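Read the structure below first, then the notes.
Owing to the predicted nature of the structure, the values given are computational and were not obtained by experimental measurement.
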Amino acid sequence: MPNTTPGSSFGQSLQFITEIKLQELEKQRLAYQAHAKVLEQAKALGDSGKLLEKVEILAKAVKSWKGSGEVKQHSPIVGGKLQLKNLEYWIQQAKYDPNFNPKIVEGWAETLEDHIRHTVMRFDSAKLFGSLFNEWLASGDSATVSYQGLSENQSEFVEVGRKEMYDQKEKLMSIVFDDYPTPVTELSAYLEQLFSSEEAKKVLAGLRRDLKDFGATLQRKTITPQDVRNAISGLLATGLMDEEKRTTLRAFEENSTVLNEVTSVLNMRMASLDTWAWPKEGILVEFRRHFNGKYRAFTDPEIMDALLLHHLGVSWQVKLKGCLTRLFSSKAWIRPASPKQDEKKRRADQLRDSNGGSQEPRSIDVERENNQHTMFFVTQLQETSNQPKPYDDTGDSGQQRTEPSRMSGAQIKQKLLHIITTETYLNTALHGTHAILCSDLEWFGPSLPHTSILTVLEFMGLPKTWLSFLQAFLSAPIRFHGEDEPRTRKRGTPIGYAFSVFCGEAVIFIMDFAVNQCADGLFLHRMHDDLWLWDASAEKVARGWAEMNKYARLVGLKFNDTKTGSAYVGPPEDASGLPKGDIRWGFLVFDPKESRFVLNQEEINKNIVEMRRQLTSTKSVFGWVNTYNKYMSYILRNLGGIPANCFGQAHIGDVIGVLIRIQRELFSDGSGSAVGYLRKTIQERFGVADLPEGYFYFPIGSGGLELRNPLLELLSLQRHGKPLVSHGDQDEFDARGRHRNPDDDDAAAASPEVFFEHTAIADQKFKKRIEHDRKLYAHLKNVWEKDREYRKGKKGVSQEFMSFEEYISLRESWLTEWGNSYRDMLELPKRCSVELVPKVKEALVQTSKSWVFMEWHEQWVVSMYGDEVVKRFGGLDVVDPDLIPVGMVQLFRTSRIKLDQ
């Protein structure tokens with residue numbers, strides 16, 4: 001059983017419930033084994049002369065069983081085709097009706113025997129399920145279960161730590177206790193100069209006024225039970241606190257009386273906010289290893305402190321987000337110049353036909369600004385108090401069509417890759433050049449100087465009362481395992497706190513604004529401290545980079561040399577102002593010669609080695625599956641995830657090749673695949689063989705192992721209703737780079753623009769669009785000329801159509817057709833629709849599941865493997881769902897895996 005202490009009510013409760021269910025399950029299994037001996041009696045009757053007697057014995061056995069697998073009393077149907085209520089009358093007919101065919105009786109007997117055998121198999125599968133769960137609970141493969149009962153004086157983290165953890169711990173300690181001498185006077189002067197324009201001064205004055213008023217209001221505002229609920233939800237989405245405290249928070253949420261008492265305590269603490277302080281004994285630091293090999297230092301705050309800090313931190317986040325968004329939308333933020341009103345009207349009139357009749361075009365610039373605003377502008381800050389941003393380590397490798405405001409960090413990171421790839425093709429097509437730069441801030445959270453944070457926030461207008469409170473929050477007394485006395489933190493912000501995000505985003509926002517002001521409106525695409533700049537002009541990118549370095553020096557931040565690099569595509573140009581190094585994204589590296597990202601095989605090889613190590617360290621089948629699923633999801637995500645339309649066939653083929661290679665290298669022992677390994681392991685440990693293929697992929701809630709197959713994510717994609725992955729794609733495109741399709745002619749005639757969007761090969765799309773411009777311009781001019789008589793009597797309407805040179809100068813700023821091409825490049829391909837065969841559809845009706853509400857992966861699994869599972873177990877539930885410990889199933893799906901330290 002798991003390593004828990006007597007005080008771990010969370011662990012004890014789950015174990016208690018699980019043990020009861022598994023004991024009941026085993027009791028029923030043994031009882032049904034005895035019950036199923038009726039099959040031997042039926043077999044002994046043998047000859048056809050006793051067929052009816054055989055059916056009566058079997059029917060009685062089926063009707064008399066009261067337990068898992070019993071037939072429903074109100075509708076006793078067996079095998080989906082035999083109604084037991086009717087059977088009694090049918091038997092009478094069979095006895096006395098000379099016209100009755102004995103073959104029908106044989107069918108009854110076969111259906112009843114199958115039902116009993118299926119139930120036996122389901123009980124056997126239930127026993128295996130119980131054994132697998134007990135093995136998992138005892139193994140310690142889940143960090144949530146195995147660590148929850150550790151007391152503070154236990155040193156498990158140190159004992160099992162790898163060299164990387166010691167190195168990172170030593171580095172962290174060298175940073176957080178070392179005060180950085182921020183040049184306050186110089187930093188303040190820089191900030192004043194940055195906001196020296198009239199528009200910037202106006203916006204800054206409003207920002208200061210808003211933050212001052214909000215600070216006073218927040219201090220007087222009463223905390224409500226709903227505020228506490230929001231804080232609880234937000235805390236549960238972070239990595240803070242052990243499982244015992246998280247369970248306590250859930251209990252608070254469910255009990256209104258307790259919730260009111262907690263609310264009262266928090267309001268009392270608000271009344272004495274000026275004296276708030278961390279506990280004198282300090283807060284313990286816990287190191288956790290993540291998939292990327294980094295160890296992050298989490299702390300475990302007291303519950304009331306955690307709730308108060310989260311509520312206040314999120315409140316400030318929401319306010320700052322609103323204020324900075326107004327700045328982004330103001331004239332102080334440099335963006336491409338808008339045409340004057342009369343020029344705007346002239347363009348709208350002449351290009352109305354290409355804009356679908358709209359006065360406002362959906363251009364590339366419009367799409368860019370929308371993406372910048374929704375995905376990359378201070379997006380770590382919450383927009384509302386009831387929509388927490390979860391701590392995102394695993395993300396989601398599946399198809400992502402989420403609204404931008406709801407996208408996870410992993411999803412936004414993938415969208416960034418799509419935008420970078422699309423912008424590369426766009427700039428090289430339009431300008432013949434493209435410069436790109438990436439970097440990140442080394443030890444950003446832990447190294448942020450407190451003086452720099454407070455100087456920036458004071459400049460923005462944060463009231464002195466709140467600056468003092470933040471000073472107390474930042475100066476936390478912390479202890480590492482093995483230390484008795486806490487030491488005061490002099491630098492950095494603790495991970496997982498809402499105030500840490502607030503401080504970090506405030507400081508880096510200044511860098512965002514500085515790049516915008518000093519590099520002619522260049523936008524710093526940023527995900528927290530991951531930084532990306534690109535433009536057709538290398539000189540412009542170099543100016544932005546110089547400004548980033550200038551500001552980083554003032555606030556005491558350092559760029560990570562190993563994650564800093566640049567690339568330039570095009571004819572020779574002075575790129576001396578760009579940093580050296582490769583452009584890397586996950587397990588991809590940018591190749592300037594190919595103008596695209598290619599796979600970084602060295603990085604992939606390291607992760608295969610690490611994945612093998614982590615899988616080998618698991619001690620249970622469930623732990624192995626959980627680790628395998630999360631690692632494969634992590635790897636697919638870092639290969640770019642679901643490939644958007646901007647990726648060509650070469651990229652898709654490369655990713656599929658890597659996924660196949662990972663399988664071969666992980667299972668070179670002869671098992672051949674994840675399923676082969678699990679078959680072998682289950683047979684060796686539990687003596688169970690001949691499991692159907694679907695068992696390994698079916699959801700754990702149905703009694704399966706819920707193994708994920710990442711290849712499905714790619715093989716299921718389609719273009720024009722055909723598989724996106726194909727062995728002869730070079731034959732599917734014509735000489736003009738258009739996808740061959742039997743309906744091509746009809747599609748082109750009906751809607752040439754729609755046809756264009758879905759036919760050009762990714763890296764040729766914008767070049768094809770350039771070729772298409774002359775034809776479209778001629779069409780628009782012809783429409784304009786035909787309307788000449790209509791315009792003659794109208795005042796203020798230009799009679800001359802714009803020149804071709806002016807027309808093509810609007811490709812990024814105005815033309816909807818170019819905007820459509822840009823958006824199409826960022827779109828994800830469709831997945832194939834999965835259909836059910838009638839027999840599986842019938843079996844689905846017998847479950848509580850709805851096909852419509854199944855996620856796509858489960859639909860595929862049920863459709864692909866459902867028939868063999870039904871044949872083996874009589875239905876789509878391998879184990880009776882009522883006997884599965886639902887709480888443990890949920891824990892299995894959500895628990896952090898215990899990585900080998």
Side-chain angles (χ1 to χ4, degrees), residues 28-128 688-692 694-695 702-703 837-847 865-883:
Q28 287 198 35
R29 188 186 73 86
L30 293 174
Y32 199 82
Q33 274 189 345
H35 195 75
K37 287 183 178 179
V38 69
L39 291 174
E40 297 176 9
Q41 298 175 32
K43 185 178 180 181
L45 292 174
D47 60 85
S48 59
K50 297 184 177 179
L51 263 180
L52 283 174
E53 185 180 348
K54 182 177 184 179
V55 168
E56 288 178 315
I57 291 173
L58 291 170
K60 181 179 179 182
V62 170
K63 287 190 287 186
S64 64
W65 172 249
K66 305 300 178 187
S68 174
E70 67 178 289
V71 293
K72 298 174 182 177
Q73 293 302 312
H74 64 279
S75 180
I77 299 174
V78 176
K81 54 187 176 182
L82 184 60
Q83 167 61 262
L84 294 185
K85 284 184 178 179
N86 297 336
L87 184 62
E88 294 179 23
Y89 298 97
W90 292 342
I91 288 174
Q92 294 302 312
Q93 181 185 355
K95 281 181 179 180
Y96 301 108
D97 186 352
N99 296 309
F100 202 88
N101 190 338
K103 291 289 184 182
I104 296 176
V105 182
E106 289 178 12
W108 296 342
E110 185 179 335
T111 300
L112 293 166
E113 287 175 331
D114 283 347
H115 174 80
I116 295 171
R117 289 194 188 95
H118 288 151
T119 306
V120 169
M121 290 175 184
R122 282 155 66 94
F123 270 118
D124 287 343
S125 183
K127 181 184 180 182
L128 174 61
V688 178
D690 300 324
L691 289 166
Y695 169 80
S702 299
V837 297
K839 189 170 183 180
V840 177
K841 188 179 290 187
E842 289 174 14
L844 188 63
V845 173
Q846 305 301 317
T847 71
Y865 303 108
D867 186 50
E868 65 166 348
V869 169
V870 171
K871 287 177 181 176
R872 183 70 179 271
F873 300 103
L876 292 175
D877 287 323
V878 179
V879 177
D880 186 343
D882 292 336
L883 293 177

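Here the CD1-CG distance, from Ile91 to Asn86, works out to 11.0 Å after rounding to the nearest 0.5 Å. The distance from the CD1 atom of Ile104 to the CD atom of Gln93 is 8.0 Å, given to the nearest 0.5 Å. Between the NE2 atom in His115 and the CG atom in Leu84 there is a gap of 8.0 Å [rounded to 0.5 Å]. Going from atom OG1 of Thr119 over to atom CD of Gln28 covers 11.0 Å, rounded to the nearest 0.5 Å. For the atom pair Leu87 CG and Leu112 CG, the distance stands at 6.5 Å (nearest 0.5 Å).
Here the side chain of Thr111 pairs a donor or acceptor atom with the backbone of Gly107 at under 3.5 angstrom. For the pair His118 (side chain) and Asp114 (backbone), a donor-acceptor distance under 3.5 Å is present. Checking side-chain atoms of Arg122 against main-chain N and O of Gly875 turns up no donor-acceptor pair under 3.5 Å.
Of the options Val869, Leu128, Val688, a side-chain contact (heavy atoms from CB on, under 4.5 Å) to Tyr695 is made by Leu128 and by none of the others.
The environment of Lys127 atom NZ is sparse: at most 12 non-hydrogen atoms of other residues, nucleotides or ligands sit within 6.0 angstrom. Residue-environment remark: CD (Glu110) stays at or below the threshold of 12 foreign heavy atoms within 6.0 Å. Atom CG of Asp97 is surrounded by more than 12 heavy atoms from other residues, nucleotides or ligands within 6.0 Å. Atom NZ of Lys103 has 12 or fewer neighbouring heavy atoms from other residues, nucleotides or ligands inside a 6.0 Å radius.
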Evaluation steps, side chain to side chain contact (heavy atoms under 4.5 Å, CB included), between Leu58 and Val55
CA-CA 5 Å; Leu58 291 170; Val55 168; 5.7 Å; no
Salt bridge (charged side-chain N to carboxylate O under 4.0 Å, His left out) for Lys54 and Glu113? Distances and angles first, verdict last.
CA-CA 10 Å; Lys54 182 177 184 179; Glu113 287 175 331; 3.4 Å; yes
Stepwise, does the side chain to side chain contact (heavy atoms under 4.5 Å, CB included) test hold for Ser125 with Arg872?
CA-CA 11 Å; Ser125 183; Arg872 183 70 179 271; over 6 Å; no
Go through the steps to decide whether Lys95 and Glu56 satisfy the test salt bridge (charged side-chain N to carboxylate O under 4.0 Å, His left out), and finish with yes or no.
CA-CA 12 Å; Lys95 281 181 179 180; Glu56 288 178 315; 3.4 Å; yes
Before you tell me yes or no, could you show the steps for Val62 and Ile116 under side chain to side chain contact (heavy atoms under 4.5 Å, CB included), namely the whole-Å CA-CA distance, both residues' side-chain angles and the distance that decides it to 0.1 Å?
CA-CA 7 Å; Val62 170; Ile116 295 171; 4.0 Å; yes
Could you go step by step and tell me if Tyr865 and Glu868 meet the side chain to side chain contact (heavy atoms under 4.5 Å, CB included) rule?
CA-CA 6 Å; Tyr865 303 108; Glu868 65 166 348; 3.5 Å; yes
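Aromatic rings from Trp90 and Tyr96 are positioned such that their centres are separated by 6.0 Å or more.
Ring planes of Trp65 and Phe123: perpendicular class, angle over 60° (limits at 30 and 60°).
Between Leu52 and Ala94, the shortest heavy-atom distance links the atoms CD2-CB, 3.7 Å.
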